[in-house]
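Okay, structure first, notes after.
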Protein chains: 2
Amino acid sequence: MKKITINSVASYAGVSKKTVSRVLNNEPNVSDVTREKVLKAFKELDYTPNPIARGLARNRSFIIACLYDNPSKSYITRLQSGALAACHQHGFNLLIHPCELRGQALLDNIEQLLQTSRIDGLVLTPPFSDHGELVAFLRQKKVPFARVASVKLDDESISVRSNDEQGAFEITELLIELGHKDIAFIKGHPDHSATEQRFNGYRRALAEHGIAYQEHLVEEGNFSYHSGADSAETILHLDPRPTAVFASNDYMAAAVLKAATQMDLKVPDDIAIAGFDNAPIARHIWPGLTTIAQPVEEMTRLAVEHLIEQINQGDNGDEEQQKEPLQITLEAKLICRESTAAPKS
Amino acid sequence: MKKITINSVASYAGVSKKTVSRVLNNEPNVSDVTREKVLKAFKELDYTPNPIARGLARNRSFIIACLYDNPSKSYITRLQSGALAACHQHGFNLLIHPCELRGQALLDNIEQLLQTSRIDGLVLTPPFSDHGELVAFLRQKKVPFARVASVKLDDESISVRSNDEQGAFEITELLIELGHKDIAFIKGHPDHSATEQRFNGYRRALAEHGIAYQEHLVEEGNFSYHSGADSAETILHLDPRPTAVFASNDYMAAAVLKAATQMDLKVPDDIAIAGFDNAPIARHIWPGLTTIAQPVEEMTRLAVEHLIEQINQGDNGDEEQQKEPLQITLEAKLICRESTAAPKS
DNA sequence: TCCCCGTCTGACACCGGTGTCATAATGTCG
DNA sequence: CGACATTATGACACCGGTGTCAGACGGGGA
C-alpha cells in the first residue's frame with residue numbers, strides 16, 4: 001500500500017495539484033466536469049488529505065484543547081464528551097489539558113501548550129472560565145477561546161452557561177416548601193464562580209420566603225468529598241441540628257449522607273439532604289440525592305461549536321467582520337430523589 | 001511579536017538552517033562553538049520549533065491516541081492522567097478517542113482516526129486491549145500500539161497489566177477466612193477480559209479452600225451500576241440468602257449495597273459486600289467497600305512510555321533492531337473497608 | 001609532500017498541502 | 001467585431017522544518 005498524495009490524485013485525474021486542492025476545499029471556479037473527475041479520483045484512490053501538511057500550509061492544526069482542574073471525574077468526562085462531539089463533527093481533534101489553577105505558573109504552562117501544540121483554540125471550563133488574568137492573556141495573544149459555565153459575561157467572548165443561581169434557588173425553595181426552616185449550606189470551592197452563584201440562590205430563596213439567614217448554618221467547602229465530610233461533622237453536631245442540608249455539589253452531599261448514616265440519623269426523616277450537579281453518585285447511593293442536573297455535555301458542545309465557527313471565520317480574509325459575542329444560557333433541571341422530605345415533627 | 005522560525009535563528013546565529021536543525025535534534029558533528037552560538041540564539045529569540053512542520057518533514061505527529069469504551073468515569077480519567085504524564089514527559093500530546101466496541105464499524109472508525117489525525121501510536125485500554133481483530137488490523141497497518149490490562153499476552157507487543165485473577169482470589173479468600181461459605185459473585189462485561197480473570201480468581205479461591213462452587217450464586221453483570229442492581233435483586237432474594245457478595249467492580253457492588261439497604265439488611269452483618277477497582281464510590285458510601293486497588297495510572301503511564309520509546313526507535317534507521325516485547329505485571333492491593341465482616345451467626 | 005579520512009557545514013530538494021498570479025477560454029456589451 | 005469582464009486552470013513559490021550530498025578543513029600515515 002503506497003501513499004496517496006495530492007500529486008497522485010492530480011495525475012490520476014489529469015489535472016494540477018491546485019485544482020485538486022480547490023475541490024478539496026470546495027472553492028468556487030471549478031467546472032463541474034473537472035470536479036467530477038477529481039471526486040472520482042478521490043474515491044478510486046481512497047484519498048485522504050494529510051492534515052499535517054494542511055496545517056503547515058494554513059498555519060492551523062485542527063486541534064483545540066480543553067482546560068480543566070476539577071475534582072469531579074464525571075464532570076470532566078461529560079465536558080470531554082460534549083467537546084468531542086462538536087470537534088468530530090467539524091473535523092477537529094481534542095487535546096485534554098488538565099492543569100492546576102493555583103499552579104505558580106499557569107500562564108507559563110498555557111504559553112508552553114500554545115507553543116508546543118499550536119492548537120487553534122481553547123475551551124475554558126470551571127474554574128478557568130472566569131480567570132481574569134488568563135482571559136486577558138489569551139486575548140492579548142489573540143488565541144480564540146470559549147468559556148463554559150462562566151459567570152462574568154463581558155460581551156466579548158463566547159460563553160455557554162446554565163443558571164446556577166436559579167438552580168440553587170429552586171432546590172432551596174423545594175426544601176422550604178417541604179417545611180424546612182433551618183437549612184444548612186455547604187459552599188463550594190472559592191475559586192469557582194459557581195460557588196458564589198449557588199450561595200446567592202440559597203440566600204435569595206430564604207429571603208423570598210421570609211426566612212432569616214443564619215450564618216452559623218453555612219460551612220466552607222471546596223467541592224471535594226473530603227471537605228463535605230468535614231463540614232458535615234460540624235453541621236450534624238449543631239444544637240439544635242438543622243433539619244436539612246444543601247451542599248453545593250453531590251460529592252459533598254454524599255459525604256453528609258455518609259456522616260449522617262454513621263450517626264444513625266435517618267435520611268430524609270431526621271435530616272434532608274440536597275446536592276447539585278446530578279453526578280452519578282447521586283443515584284448510586286441510598287437514598288438517592290435530590291439535586292440539580294445541568295446539561296454539561298450540551299453546554300460544552302455548544303461552546304466548542306461556536307469556537308470552531310470563530311476559528312474558521314477568522315481564517316477568511318473577512319477579518320473580524322462579525323463581532324458576534326455568543327452568550328447562551330441553558331436550563332438546569334431539578335431532580336427529586338429520596339433524600340428530601342418534610343421534616344419529622 | 002513576529003514569528004520566530006528556524007530561518008530567523010539561523011541568520012541570527014550566522015549559520016545555516018540545517019545546522020540549527022542539527023542542534024535542535026542533538027545530532028553529532030556540530031562543533032561546540034557553533035552549538036553554543038545556536039543555543040544562545042534559541043534563548044535570546046525565545047524560539048520554539050513548529051511541531052507541525054517537523055511532523056510534515058518526518059512524517060510524525062507527536063500525538064498518540066487513547067482508545068476506550070468504559071462505563072467508569074474514574075477509570076477513564078485515571079487512564080488519561082497516566083497517559084498524559086508519559087506524553088508530556090516526552091513532548092507528545094494525547095488525543096482521546098472513546099468509541100464503541102460493538103459499533104458496526106470499529107475498524108472503519110479506527111481507520112478514519114488514523115487517516116485524519118496521523119497519530120504516531122495507539123494505547124488500547126479495556127475492552128480493546130484484547131480485541132483480536134483490532135490488534136491484527138493494527139499490526140497489518142504497522143501502527144505502533146500498547147495495551148493496558150490485557151490478558152492475552154502474545155509476546156509481540158507492549159502490554160502492562162495487573163493481576164486480576166490474583167486480586168479476585170485474595171478478596172474471595174478474605175471472605176472465606178472471615179467465615180463465609182455462600183459467596184455470590186457478579187460477573188463483569190463479557191467483552192472485557194478482566195471479567196474472566198476475576199471469575200477465575202473467585203473459583204480458585206473457593207477450590208483451594210474446599211468450598212463447592214455453586215452456579216446459582218453467580219450472576220451475569222456488565223460492570224454497570226444498573227446491571228449490579230438487577231443482579232442484586234436476584235441474589236438478595238435467594239433462599240437461603242448468601243452471606244456475602246463479591247461483585248466484579250465497585251459500581252455493581254454499590255448497587256448491591258443500595259439494594260440491601262433498601263431491604264433493611266445490615267451491611268456487613270446481614271450480608272458482606274466486596275467490589276473491585278477501588279473507584280471513588282467505594283469510599284464515598286457507607287459502609288465503605290472492601291475492594292482491590294489497581295495502579296491504573298501507573299499501568300497506563302508505563303504502557304505509553306514504552307510505546308513512545310518504540311515510536312522513537314522505529315524512527316531511527318536501525319529498523320526493528322530490538323524486538324523487545326515488553327510485558328509488565330504490576331501488583332494490585334487489597335483494601336479492607338467496612339463492608340466486609342464475619343457472618344452473623 | 002601527497003593522499004586518505006573523519007569532522008563540520010551549507011546548498012538544495014523534499015514532505016504534502018495552500019496562496020498568488022499569469023494565462024487561456026469563454027461570455028457580454030457597445 | 002473588438003474591448004473587456006469573468007471563469008477555469010496551472011506554474012510556481014511558500015509554510016517550517018528534515019534528509020541527502022558535496023565540499024571545506026585539519027590531522028595522521030606513507
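Every chain is numbered from 1, with letters handed out A, B, ... down the list of sequences. Computed from heavy atoms alone, side chains included, the values below leave out hydrogens, waters and symmetry copies.
Nearest to the side-chain atoms of A53(B) among the listed nucleotides dA8(D), dG16(D), dC8(C) stands dG16(D). The I6(A) side chain lies nearest to dG17(C) when the options are dT9(C), dG17(C), dG17(D). Here the nucleotide nearest the side chain of E27(B), chosen from dT7(C), dT9(D), dG19(D), is dG19(D). For N29(B), taking side-chain heavy atoms from C-beta onward, the closest of the listed nucleotides dT18(D), dT18(C), dC8(C) is dC8(C). Distance from the side chain of R22(A) is smallest to dT20(C) among dT18(C), dA11(C), dT20(C). Side-chain atoms of L56(B) lie closest to dG16(D) of the nucleotides dT7(C), dG16(D), dT18(C). Of the candidates dG10(D), dC8(C), dG17(C), the closest approach to any side-chain atom of K18(A) belongs to dG10(D). Among dT18(C), dG17(D), dG16(C), the nucleotide with an atom closest to any side-chain atom of T5(A) is dG16(C).
Residue-level contact check: V30(B) touches the backbone only, with heavy atoms under 4.0 Å from sugar-phosphate atoms and none from bases. Using a 4.0 Å heavy-atom distance criterion, N25(B) is classed as a sugar-phosphate-only contact.
Rounded to a whole Å, the CZ atom of R58(B) is 17 Å from the C1' atom of dG16(C). Taking atom CZ of R60(B) as the reference point, atom C1' of dG19(D) lies 15 Å away to the nearest angstrom. Across the protein-nucleic acid pair, L24(A) atom CG and dG19(C) atom P stand 12 Å apart, rounded to whole Å. If you take CZ of F62(A) and C1' of dG17(C), they are 10 Å apart, rounded to a whole angstrom. In this structure, R54(B) places its CZ atom 20 Å from C1' of dG17(C), rounding to the nearest Å. One can place CG of N59(A) at 17 Å from P of dG17(C), the figure rounded to the nearest angstrom. Note: CG (D32(A)) to C1' (dT7(D)) measures 12 Å, nearest angstrom. One can place CG of N7(B) at 9 Å from C1' of dG17(D), the figure rounded to the nearest angstrom.
For K17(A) and dG10(D), a side-chain-to-base donor-acceptor distance below 3.5 Å is absent, hydrogens and geometry of angles not being considered.
Taking 4.0 angstrom as the limit, Y47(A) places none of its side-chain polar atoms (N or O) nearer than this to OP1 or OP2 of dG16(C). Between T19(B) and the phosphate of dC8(C), there is no side-chain N or O to OP1/OP2 separation shorter than 4.0 Å. Of the side-chain N and O atoms in S31(B), none sit less than 4.0 angstrom from OP1 or OP2 of dT7(C). Between S21(A) and the phosphate of dT18(C), there is a side-chain N or O to OP1/OP2 separation shorter than 4.0 Å.
Listed by chain and number, the residues in a ring-ring contact (aromatic ring centres under 6.0 Å, His included) with Y12(B) amount to none (sequence neighbours excluded).
Applying the salt bridge (charged side-chain N to carboxylate O under 4.0 Å, His left out) test to residues at least two apart or on different chains, the pairs with a partner in residues 119-131 of chain A are R60(A)-D120(A), D130(A)-R147(A).
For the residue pair H90(B) / E309(B), no side-chain donor-acceptor distance below 3.5 Å is found, with atom types taken as modelled.
When all heavy atoms of L307(A) and L122(A) are compared, the closest pair comes out as CD2-O, 3.5 Å.
One finds a salt bridge joining E305(A) and R301(A) here, because a Lys/Arg side-chain nitrogen approaches an Asp/Glu carboxylate oxygen to under 4.0 Å.
The aromatic rings of H88(B) and H97(A) sit tilted, their planes meeting at an angle between 30° and 60°.
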